[in-house]
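What follows is a set of notes on a single structure, which appears directly below.
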Amino acid sequence: MKQLSLGETNWQVSEIAFGAWRMDALSVDKAVKAIETAYDCGINFVDNADMYGKGESEQRFGDALKQSSVKREDLYIQTKAAIVPGKKYDFSREHIMNAIDGSMKRLGVDYLDSFLLHRPDPLMEPEEVADIFDDLQQSGKVRHFGVSNFNPQQFLLVQESLNQKLLVNQVQFSLMHTGMIDHGIHSNMADDRSINHDGELIEFSRRMGVTLQAWSPFQYGMFEGVFIDNPDFPELNAELQKLGEKYGVSKNAIAAAWILRHPAKMQVIIGTMNPKHIIDSCQAADIELTHQEWYDLYFAAGNDLP
Ligand SMILES: NC(=O)c1ccc[n+]([C@@H]2O[C@H](COP(=O)([O-])OP(=O)(O)OC[C@H]3O[C@@H](n4cnc5c(N)ncnc54)[C@H](OP(=O)(O)O)[C@@H]3O)[C@@H](O)[C@H]2O)c1
């Protein structure tokens with residue numbers, strides 16, 4: 001498994017990360033199998049969040065990790081907080097501190113490698129966030145910090161108050177969710193694809209040395225379903241199949257390799273709990289698509305050039 005430097009630090013993390021959102025649906029035995037499969041493929045980075053399965057995903061991960069052959073210190077464990085589902089986003093000291101204590105308990109760990117603010121809170125006070133992060137780092141509870149679903153101005157607003165560099169911004173990106181590149185390709189045109197939804201997030205992150213973590217690499221819409229082997233996407237699947245045959249890997253691998261081919265050096269967070277799909281997806285790190293293949297997949301997903 002190829003590694004990348006998280007946020008341009010000396011933290012070497014696997015290009016493919018294991019997202020544990022869907023782990024609440026698994027028995028502990030199946031969760032052990034998923035964790036061990038991911039680790040055997042070379043994955044050393046795990047993403048979680050306090051809200052996944054209302055805490056059950058972290059709990060299952062923690063219980064399974066203890067029973068597995070994988071040692072806690074061999075993994076980078078990341079979690080996220082700040083979403084109160086359906087009610088608000090909350091960066092207050094009380095909310096974040098309680099959330100982190102709850103996550104560490106469920107995960108069964110005495111430190112988190114990385115903590116992300118899950119979604120931007122319009123009522124955020126950057127100085128308050130800075131004090132919270134200082135306390136979390138000094139107490140040894142959290143080693144590094146980042147954000148998720150932030151636009152560049154929101155990112156800077158927080159970053160400028162912090163004593164730590166934000167290493168990560170976790171955002172949706174896949175062959176079927178390409179807004180971050182569409183508006184650059186259609187720059188200054190009058191069509192809908194020229195609409196800038198996120199404020200040059202890719203260019204900004206590259207310039208700042210921030211690792212973008214791509215969530216939902218195999219989904220279309222917002223969790224509407226999987227595009228792999230989905231008859232609603234015949235052209236895309238035909239192209240995935242063709243390139244899969246050329247490289248001797250799965251369609252999952254080609255779809256993830258498309259994300260990895262971007263020079264922003266993103267990390268891909270897969271969410272499958274199926275051991276075969278985990279192994280298939282990890283093959284992405286073994287191949288490198290050509291420049292034209294990257295464009296051909298972009299077109300097969302329904303995109304064009306002006
Ligand atoms: N920051 C955020 O706001 C945010 C939001 C969403 C997610 N995330 C993170 O990103 C991670 C990944 O998200 P995700 O789970 O949506 O990603 P995903 O990997 O795109 O989707 C996983 C789903 O796709 C299915 N799947 C994968 N390959 C398949 C195949 N070949 N055939 C059929 N089904 C297939 C999986 O089912 P099987 O298990 O059966 O393979 C699973 O239901 C999450 O775990 C979480 O850590 C972050």
Side-chain angles (χ1 to χ4, degrees), residues 13-14 16-27 30-31 33-35 37-38 41 43 45-53 56-58 60-61 75-83 85 89 103 107 114-121 146-151 154-155 168-178 180 198 201 211-233 236-237 240-241 244 249-260 266-284 301:
V13 299
S14 49
I16 307 289
F18 179 73
W21 168 29
R22 300 170 193 268
M23 194 160 250
D24 61 320
L26 268 52
S27 65
K30 286 203 167 147
K33 178 80 181 152
I35 291 170
T37 304
C41 288
I43 289 179
F45 194 99
V46 177
D47 180 63
N48 224 311
D50 64 341
M51 67 171 290
Y52 292 163
E56 279 298 308
S57 298
E58 286 183 332
R60 198 77 75 260
F61 181 87
L75 293 177
Y76 292 102
I77 298 182
Q78 170 173 280
T79 199
K80 310 184 285 296
I83 297 180
Y89 302 149
S103 288
L107 291 164
S114 171
F115 170 72
L116 311 186
L117 296 166
H118 204 156
R119 279 197 174 270
D121 174 12
V147 294
S148 175
N149 305 305
F150 273 46
N151 70 31
Q154 292 163 334
F155 186 101
V168 167
N169 194 357
Q170 188 178 111
V171 295
Q172 186 175 10
F173 188 63
S174 73
L175 268 163
M176 290 303 300
H177 190 87
T178 53
M180 288 200 300
D198 55 63
L201 199 43
T211 297
L212 289 170
Q213 293 179 333
W215 57 261
S216 293
F218 310 129
Q219 300 280 312
Y220 63 95
M222 198 163 167
F223 325 130
E224 278 169 48
V226 187
F227 61 77
I228 310 267
D229 290 333
N230 185 328
D232 289 345
F233 306 101
L236 178 55
N237 275 286
L240 290 169
Q241 177 76 27
V249 297
S250 64
K251 289 184 184 175
N252 284 59
I254 299 294
W258 184 83
I259 300 171
L260 295 176
M266 295 182 218
Q267 191 179 31
V268 177
I269 310 187
I270 57 169
T272 172
M273 294 293 128
N274 173 327
K276 179 179 182 310
H277 292 161
I278 294 172
I279 294 166
D280 283 352
S281 306
C282 287
Q283 295 169 333

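Treat the numbers as computed from the prediction; the structure is a model and nothing was measured. Remember, it's 1-based here, ligands and their atoms both numbered in the order they're listed.
Below 3.5 Å of separation, one finds no N or O of Phe223 facing any N or O of ligand 1. Residue Val226 has no N or O atom closer than 3.5 Å to an N or O atom of ligand 1. At a 3.5 angstrom cut-off on N or O pairs, Ile228 does not count as close to ligand 1. Taking any N or O of Ile270, backbone or side chain, none lies under 3.5 Å from an N or O belonging to ligand 1. Checked against a 3.5 angstrom limit, the closest N/O atoms of Ser216 and ligand 1 fall inside it.
Closest protein heavy atom to atom 47 (O) of ligand 1: Asp47 OD2, 2.6 Å. Closest to atom 15 (O) of ligand 1, if we only count protein heavy atoms, is Arg22 NE, 2.6 Å. The protein non-hydrogen atom at the shortest distance from atom 8 (N) of ligand 1 is Tyr52 OH, 3.3 Å. Nearest protein neighbour of atom 39 (O) of ligand 1, counting heavy atoms only, is Met273 N, 2.9 Å. The closest protein non-hydrogen atom to atom 19 (O) of ligand 1 is Gly271 N, 2.8 Å. Annotation: atom 21 (O) of ligand 1 to nearest protein heavy atom, Gln219 NE2, 3.1 Å. Ranking the protein heavy atoms by distance from atom 6 (C) of ligand 1 puts Trp215 CE3, 3.2 Å first.
For Lys80, the closest heavy-atom approach to ligand 1 falls below 4.0 Å. Using a 4.0 Å cutoff on heavy atoms, His118 counts as a contact of ligand 1.
Among Leu26, Asn169, Asn252, the residue whose heavy atom lies closest to atom 27 (C) of ligand 1 is Asn252. Nearest-heavy-atom check against atom 44 (C) of ligand 1 across Tyr220, Trp21, Phe227, Phe218 picks out Trp21. Taking each of Leu240, Asn149, Thr272 in turn, the one with a heavy atom nearest to atom 41 (O) of ligand 1 proves to be Thr272. Closest heavy-atom approach to atom 32 (N) of ligand 1 among the candidates Met51, Arg119, His277, Met176: His277. The nearest non-hydrogen atom to atom 12 (C) of ligand 1, considering only Thr79, Ile269, Val171, comes from Ile269.
Side-chain contact check for Gln172 and Ser216: no donor-acceptor pair (N or O, by modelled atom type) lies under 3.5 Å.
Nearest heavy atoms, Glu56 versus Asp24: CB-CB, 3.7 Å. When all heavy atoms of Gln267 and Ser14 are compared, the closest pair comes out as NE2-O, 2.8 Å.
With a 4.0 Å cut-off on non-hydrogen atoms, Gln172 does not touch ligand 1 at all. Heavy atoms of Ser174 found under 4.0 angstrom from ligand 1: none, in either backbone or side chain. Contacts of Ser148 with ligand 1, taken as heavy-atom pairs under 4.0 Å, involve the side chain alone.
A donor-acceptor pair under 3.5 Å is formed between the side chain of Asn149 and the backbone N or O of His118. In terms of modelled atom types and a separation under 3.5 Å, the side chain of Gln283 and the main chain of Ser250 share a donor-acceptor contact. Judged by distance alone, the side chain of Asn169 and the main-chain N or O of Phe150 form a donor-acceptor pair under 3.5 Å.
Between Lys80 and Asp47 there is a salt bridge, with a side-chain nitrogen of the basic residue lying less than 4.0 Å from a carboxylate oxygen of the acidic one.
Ser57 places a side-chain heavy atom less than 4.5 Å from the side chain of Asn48.
Relative ring orientation between Trp21 and Tyr52 is described as tilted, the plane-to-plane angle lying within the 30° to 60° band. Using cut-offs of 30° and 60° for the angle between ring planes, the Phe218 and Phe227 rings count as perpendicular.
Separating the CD1 atom in Ile270 from the CG atom in Asp280 is a distance of 9.5 Å, to the nearest 0.5 Å. Note that the OG1 atom of Thr211 and the CE atom of Met266 stand 10.5 Å from one another [nearest 0.5 Å]. Distance check: Leu236 CG to Ile254 CD1 gives 11.0 Å after rounding to the nearest 0.5 Å.
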